[in-house]
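A, B, ... follow the sequence lines: proteins, then strands. Residue 1 opens every chain.
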Amino acid sequence: MATNCKKTKMEQKVRVRFAPSPTGPLHMGGVRTALFNYLFARKQGGEFLLRIEDTDQTRYVPGAEDYIIESLKWCGLIPDEGVGFGGDFGPYRQSERKAIYKDYVDRLIESGNAYYAFDTPEELDALRGEAEKSQTVFSYDTHTRSRLQNSLTLPDEVVKKKIADGRPWVIRFKMPEQTDVIEHDLIRGEVKFNTAQLDDKVLFKADGMPTYHMANVVDDHLMQITHVIRGEEWLSSMPLHILLYEALGWSGNRPQFAHLPLILKPAGKGKLSKRDGDKMGFPVFPLQWKDPDSGEISRGYREDGYFPEAFINMLALLGWNAGTEQELFTIGELIDSFSLDRVVKSGARFDPEKAKWFNRHYLHQKDDQQLAELFKKQLAAKNIVTDDVRLNRIVGLIKDRCTFPSELWEHGFYFFEAPECYDEKTIIKKWKEDTSGKLLAVAEFFKDLEQWDAESVKEAFSVFMNAREWNFGMVMVPIRLALVGSSQGIDLFVIFELIGKEETIRRIERAVARINGLPQLQ
RNA sequence: GGCCCGUUCGUCUAGGGGUUAGGACGCAAGAUUUUCAUUCUUGUAGCAGGGGUUCGAAUCCCCUACGGGCUACCA
């Protein structure tokens, strides 16, 4: 039988979590964190959980939790456990785990790793203000705690009395003096901190809720999390968390850490924020979000016409690469090739143009039928009905010109209705004195044609043109103008076929009548 | 200010002692499409600076600069 009594970390099943707080809509950076957790879990055959970190009652935003869940679903990042997904380690909402945390904080008090502090927020603010005057920063730490009001400085009876009297208190972590905390971050390598630089963080708040640090460590332990994969903004609290695991006696079995680089603004300074999106015209949220207070609406990738697979593919490549030249990945391929050691260390500026490129690619890949379904809805909104075969064909012809499904109309409207106006530049350039006469002659010629498929018309038309020795460009462009309203669009003969003989002739005659009356021709 | 992290084309990145420093987005040009777009081809542009170590540094070390994060009874 096995002589090694302890299961090594290698044998432990990988469990990772995405742990957002419901303080507003999920940022695309948050989605990327969720994605990397998801990919890692899938690659390792582990589990991916969703935990809602709602320990700050004051910042709770109604609807945010549902938004997070819906976003993950849209992205296809379905948790194995968590709020809204079941699981054996619940509850997965920290507000519902309130009772659990107090025990562990008490343990820390008993073991001398934490202490009660009675200083009021006002007192602390005053100290911060004073420190600022002398160009320093106040910190509740190994140097200052002996001068403050806490169970380290006050006699036992006084402490007990204050608590019994219902005086508000918090519990702070007692940071060890002058100790190096060294940790191997899975992305950054060795990172070193000294506790002399760290402060005595509040673990338990006056309102009876734990702070992020406490709840996070306790839950990660209880939920048997093996890898903490989170944003770089948490790197500085890693030593606190490590010390907390130690103080709780869990250091032999604690998770490993991986801190992801941040997503930065496309231009200028700082990390990507909601404002950048508004200013530069791209979404920063996966789904549209309506602020419950202001009613202000922020756009979402979904509503802007991005495909989830494009959004995910784009996000995956922001701070990670496979080490090959491959850039287009299905979710399965991402899972296969994902590894934390190929995550980049430096922050990545977000490029909205590249996001569009990904979407264009995925749109072009869609089969015509799928796109036709989307297009059909747009057409229905305009009360346009057409048969599926024709619609599929049209979609197939115009999809290469689109980045978003919403552009289908812009690039294909002329199959459904005549243009309302004609591009002025094209008129000036191509509509000469004899153009009207030529077009009318073409229309007459069309009237006698029996065969109306693109090939036949093209053949007959060429014969017609050659017989007259007319310049193709000087006739084709005006016809296109008549049918489409501009010099754009797919192959002209295919347009003839798809809008039909009658309509083609009608539009040519209509354009001649209208353009001839235009002032720029006078 | 203090602590921590980072720095290769405009942007995302490969490259980890000897490479013509590779790819992608963007941009530009050409080809094709009798238009426009697509597509294809080509081009454009980079190792933050300074010191070391070394026969040799984008690559290792140090300093500086710059960027980022944290520094709440927020996460």
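- Using a 4.5 Å heavy-atom threshold, the side chains of A:Leu483 and A:Arg480 count as separate.
- At a threshold of 4.0 Å, the pair A:Glu183-A:Lys192 does not count as salt-bridged, since none of the basic side-chain nitrogens sits closer than that to a carboxylate oxygen.
- With C1' as the reference atom, B:rG69 and B:rC27 are 33 Å apart, rounded to whole Å.
- If you take atom C1' in B:rG6 and the same atom in B:rU13, they sit 15 Å apart, rounded to whole Å.
- Atom CD of A:Glu455 sits in a sparse spot, with 12 or fewer heavy atoms from other residues, nucleotides or ligands closer than 6.0 Å.
- Residue side chain A:Lys201 does not reach the base of B:rA72 through any donor-acceptor N/O pair under 3.5 Å, judged by distance alone.
- Taking atom CG of A:Leu315 as the reference point, atom P of B:rA24 lies 22 Å away to the nearest angstrom.
- Within the 4.0 angstrom heavy-atom criterion, only backbone atoms of the sugar-phosphate kind lie near A:Thr55; the bases stay farther away.
- In this structure, the NE2 atom of A:His213 is 12 Å from the P atom of B:rC70, given to the nearest Å.
- Counting only heavy atoms from C-beta on, A:Arg128 has its side chain closest to B:rA72 among B:rC5, B:rA72, B:rC74.
- As rounded to whole Å, 13 Å separates atom P of B:rA72 from atom CG of A:Asp200.
- Rounded to whole Å, atom P of B:rC70 lies 20 Å from atom CG of A:Asp141.
- Ranking B:rU13, B:rC4, B:rA75 by closeness to the A:Leu235 side chain, first place goes to B:rC4.
- Closest approach to the A:Val137 side chain among B:rG67, B:rA24, B:rG1 is made by B:rG1 (side chain taken as heavy atoms from C-beta onward).
- Here B:rU39 presents its P atom at 12 Å from CD of A:Gln365, a figure rounded to the nearest Å.
- Side-chain atoms of A:Arg349 stay outside donor-acceptor range of the base of B:rU11, with no qualifying N/O pair under 3.5 Å.
- If you check distances only, the side chain of A:Arg188 never reaches the base of B:rC5 with a donor-acceptor pair under 3.5 Å.
- Comparing atom distances between the A:Val477 side chain and each of B:rC73, B:rG6, B:rU35 picks out B:rU35 as nearest.
- Closest to the A:Trp357 side chain, of the nucleotides B:rG26, B:rC70, B:rC5, is B:rG26.
- Remark: the backbone N or O of A:Glu333 is paired with a side-chain donor or acceptor of A:Thr330 at under 3.5 angstrom.
- Ranking B:rC74, B:rG26, B:rG69 by closeness to the A:Glu353 side chain, first place goes to B:rG26.
- Straight-line distance between the C1' atoms of B:rG1 and B:rG23: roughly 43 Å, to the nearest whole Å.
- Side-chain atoms of A:Glu327 lie closest to B:rG23 of the nucleotides B:rA75, B:rU71, B:rG23.
- Annotation: B:rG10 and B:rA45 have their P atoms spaced 10 Å apart (nearest Å).
- One finds no salt bridge joining A:Lys162 and A:Asp165 here, because no Lys/Arg side-chain nitrogen approaches an Asp/Glu carboxylate oxygen to under 4.0 Å.
- Each of B:rG68, B:rU38, B:rU13 was ranked by its minimum atom distance to the side chain of A:Leu262; first place goes to B:rG68.
- Taking only side-chain atoms of A:Tyr212, from C-beta outward, the nucleotide of B:rA14, B:rG69, B:rA75 with the closest atom is B:rA75.
- Distances from the side chain of A:Asp56 to the nucleotides B:rC74, B:rC73, B:rG68 place B:rC74 closest.
- Rounded to whole angstrom, the span from the NZ atom of A:Lys345 across to the P atom of B:rG6 amounts to 6 Å.
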